[in-house]
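Side chains are part of it too, since the values below use all heavy atoms of this structure and drop only hydrogens, waters and symmetry mates. Note that the structure is a prediction, hence the values are computed from the model and not measured.
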Amino acid sequence: MAKKYNAVTNSEKDVSQTFLKGAAVLTVSMIIVKVFGLIDKVLLTNIYSTFGQGYATMGTGLYSNAYEIFVVIFTVATGGLPIAISRLVSESIAQKRYNDVKQIHRVSKPFFIVVGIVSLLIMFIGSFFYVGVIDSPYSIYAMMCLAPTILFGCFVSIYRGYFEGQRNMIPTAVSEIIEAAVKLVIGALLAYFIMRFGIDSYESTGIFLGFTFKSEIEAQNTILAFSVAGAICGISLGSLCSFIYYYLLFKIKGDGIPKEYYENSIDARTAKETLIRILKTALPIAMGALIMSLGSFVDQTIIQRVLLGLVESNPDALELQYGAYFPEDVFHGEKITLHTRLWGCYSASLTFMQLVTAVTQVFGSSAMPNVTSAWTKGNKDELKKSIETVVRMTMLFTLPMSLGLSVLSHSIMQFIYTDEAIVDIGGNVLMIMGITTIFTAAVTPICSMLQGVGKVNVPMKLYTICMLIKIAITWMFVSIPEINIQGATAGSLVAYAVILIIGTFLLIRYSKIKINFYTTTIKPLIGAVFSSAAAYIVNYFMCQIVSQRISTVLSIVAAVVVYIISLLILRAFTATEVKFLPKGEKIAKVLEKWHLIG
């Protein structure tokens with residue numbers, strides 16, 4: 001019976017083990033997904049680099065522009081309901097109201113379908129307005145191809161929150177890997193073949209897909225726009241395949257809850273009562289996510305508009321800085337594209353920050369049902385253990401990765417990308433962005449735990465404060481010609497630091513749990529400082545002896561070794577955490593013998 005229903009057996013186990021199992025599954029899948037995503041972005045960038053100077057930055061800019069309006073609409077469509085469903089399912093299981101679990105799933109299906117269709121239409125219509133605002137008409141094709149992802153994402157959300165609420169993270173992990181794999185293979189192939197066909201067609205006939213052009217640069221930008229749209233098609237197809245997987249899984253294996261659990265449960269609430277509960281829980285969460293994404297959308301729109309204004313008012317200053325990277329016509333003329341190209345450099349570095357934040361988003365997803373269950377049952381010891389486990393694991397991952405990105409910023413960019421503009425400009429951005437990542441990554445699990453203890457409105461208020469600070473500071477720095485795009489992350493650094501401090505204070509206040517910051521934060525920070533120092537020193541000396549790529553690899557290896565040794569000396573690991581490693585039982589016994597784990 002226990003094999004059929006993981007949620008019930010898990011609730012009886014040690015909360016740290018429950019969290020770590022869910023987090024381990026999602027972390028492994030997220031690493032795979034992000035590696036696939038990084039490979040996809042690098043492939044696209046390097047594919048475009050082979051076709052000539054400026055293609056990589058322009059292509060990356062167009063690709064990123066497609067996401068800006070998409071993220072806002074997608075967040076509204078899917079940002080609150082899966083989390084709300086996860087929370088309500090977890091709460092119902094803790095109360096042994098199993099019929100409510102089924103009712104939650106039944107009520108959410110038609111709601112998601114309607115939201116998906118409406119959101120798809122909004123994306124189609126809104127894209128035409130957005131490309132005008134940022135003065136990037138070549139982005140429209142990619143936006144059109146990305147729109148179906150919203151519909152398929154809503155279909156996926158019907159099942160994702162339902163399984164996660166039962167603490168079954170495997171379907172989420174598998175679906176995300178499927179989505180990433182399809183995106184990588186199909187997207188890269190379509191991007192290359194469209195680019196190759198377009199250039200060959202233009203060079204032989206002067207026409208591409210019936211389009212005629214006034215200049216060669218117009219032809220190049222149009223062909224590139226269709227190629228990026230092809231890459232985006234891979235995302236939409238991946239999202240469709242993810243939904244098909246969930247649908248077949250649910251049809252074949254069901255929800256995993258034995259029939260006798262339903263038979264012995266009290267009657268479910270009515271459909272109307274259930275819908276009201278879902279909406280009351282989902283709306284504040286969705287509003288918080290909306291404010292976050294809308295703030296980023298406004299922030300990114302402002303960045304491009306300010307950059308465009310700088311090019312129009314002071315092109316000579318920007319050409320002095322970036323003239324070695326881009327052709328002259330991107331600074332002058334009727335169709336200025338420098339702002340899109342600089343945004344492409346920024347987006348290339350943003351990929352690495354997202355690698356870190358993706359891991360902590362996993363911790364947030366895993367934390368939600370555990371914290372909710374402990375809070376619902378009124379178990380203070382379990383709640384304290386849940387919160388401290390999440391904070392410690394977040395810091396163990398976030399601090400060394402973030403500081404490492406900062407000290408090895410240019411080396412990492414050079415290791416991954418071949419385009420000189422992306423390496424140099426993106427490396428400058430990543431240097432500051434690495435520090436920023438500490439705060440952006442840590443905010444997500446803190447807000448998830450606030451929602452878990454019933455304060456679903458608090459993250460929305462925190463995100464509002466964050467976005468206002470972020471927009472104001474970013475505008476101020478990007479407006480300075482000598483700084484421009486390289487100051488785009490300054491607002492995030494200040495804003496996320498502020499709300500992380502406030503959010504942590506409120507979590508302690510509302511949960512009435514005193515977090516041990518020495519074991520959860522200070523120990524990982526000490527280890528991270530030593531590891532990043534080791535990475536910098538090794539890279540500084542080795543790059544004079546071996547190639548930059550080998551030097552970067554050796555630096556990362558040195559950082560990992562120093563970090564692990566530092567944590568062992570500080571006894572930052574617990575036996576429970578070590579036992580999840582391969583051969584973890586044996587490793588834990590050895591470390592316990594030497595008094596190297598807590």
Side-chain angles (χ1 to χ4, degrees), residues 1-23 25 81-109 111 157-172 249-250 253-282 285 365-387 389-390 448-456 511-513:
M1 193 72 66
K3 291 182 180 179
K4 284 186 175 181
Y5 188 37
N6 294 329
V8 177
T9 58
N10 281 342
S11 67
E12 297 167 359
K13 293 180 181 179
D14 181 79
V15 67
S16 295
Q17 293 181 339
T18 304
F19 167 76
L20 288 171
K21 283 184 177 179
V25 169
L81 280 169
I83 299 174
I85 289 170
S86 174
R87 187 181 191 282
L88 292 174
V89 167
S90 177
E91 183 180 271
S92 297
I93 289 172
Q95 296 170 344
K96 301 189 184 301
R97 297 183 64 106
Y98 301 109
N99 285 319
D100 275 328
V101 174
K102 182 180 285 187
Q103 182 75 300
I104 290 167
H105 180 66
R106 186 184 298 119
V107 169
S108 67
K109 286 194 290 187
F111 188 82
S157 297
I158 293 172
Y159 302 98
R160 180 164 290 172
Y162 187 67
F163 282 114
E164 287 182 0
Q166 298 179 50
R167 307 189 199 186
N168 182 3
M169 305 299 174
I170 292 176
T172 297
L249 176 69
F250 195 81
K253 292 190 175 182
D255 58 14
I257 301 178
K259 290 183 179 179
E260 53 265 36
Y261 281 49
Y262 288 120
E263 293 170 356
N264 296 328
S265 174
I266 63 175
D267 292 338
R269 296 179 176 88
T270 65
K272 182 179 178 180
E273 288 176 318
T274 301
L275 179 60
I276 291 172
R277 291 185 72 231
I278 291 174
L279 292 176
K280 281 185 176 180
T281 306
I285 298 173
S365 297
S366 298
M368 172 69 81
N370 288 282
V371 172
T372 299
S373 178
W375 179 258
T376 302
K377 292 185 290 188
N379 189 330
K380 193 169 183 178
D381 290 337
E382 183 179 321
L383 182 61
K384 178 178 173 64
K385 202 166 187 179
S386 292
I387 291 173
T389 299
V390 175
S448 291
M449 289 188 286
L450 281 167
Q451 292 162 351
V453 298
K455 300 300 177 182
V456 292
S511 66
K512 295 180 173 59
I513 297 296

With sequence neighbours excluded, tell me which residues meet side-chain contact (heavy atoms from CB on, under 4.5 Å) with Lys512.
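Partners of Lys512 under the side-chain contact (heavy atoms from CB on, under 4.5 Å) test: Lys380.
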
Can you tell me how far the [atom1] atom of [X] sits from the [atom2] atom of [Y], to the nearest 0.5 Å?
X      : Y      : atom1 : atom2 : value
Glu382 : Thr389 : CD    : OG1   : 10.5 Å
Lys272 : Leu275 : NZ    : CG    : 10.0 Å
Asp100 : Ile104 : CG    : CD1   : 6.0 Å

Give the minimum heavy-atom separation between [X] and [Y], together with the two atoms involved.
X      : Y      : answer
Arg269 : Gln103 : O-NE2, 2.9 Å
Leu383 : Trp375 : CD2-CE3, 3.7 Å
Arg277 : Ser92  : NH1-OG, 4.5 Å

So Phe111 and Leu279, do their side chains get closer than 4.5 Å, heavy atoms only?
yes

Salt bridge (Lys or Arg N to Asp or Glu O under 4.0 Å) involving Lys384 - partner list, sequence neighbours excluded:
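For Lys384, the residues satisfying salt bridge (Lys or Arg N to Asp or Glu O under 4.0 Å) (neighbours in sequence not counted) are Glu388.
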
Kindly write out the residues that satisfy side-chain hydrogen bond (donor to acceptor under 3.5 Å, both in side chains) with Thr172, not counting sequence neighbours, or none if the list is empty.
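Only Glu164, Tyr246 meet the side-chain hydrogen bond (donor to acceptor under 3.5 Å, both in side chains) criterion with Thr172.
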
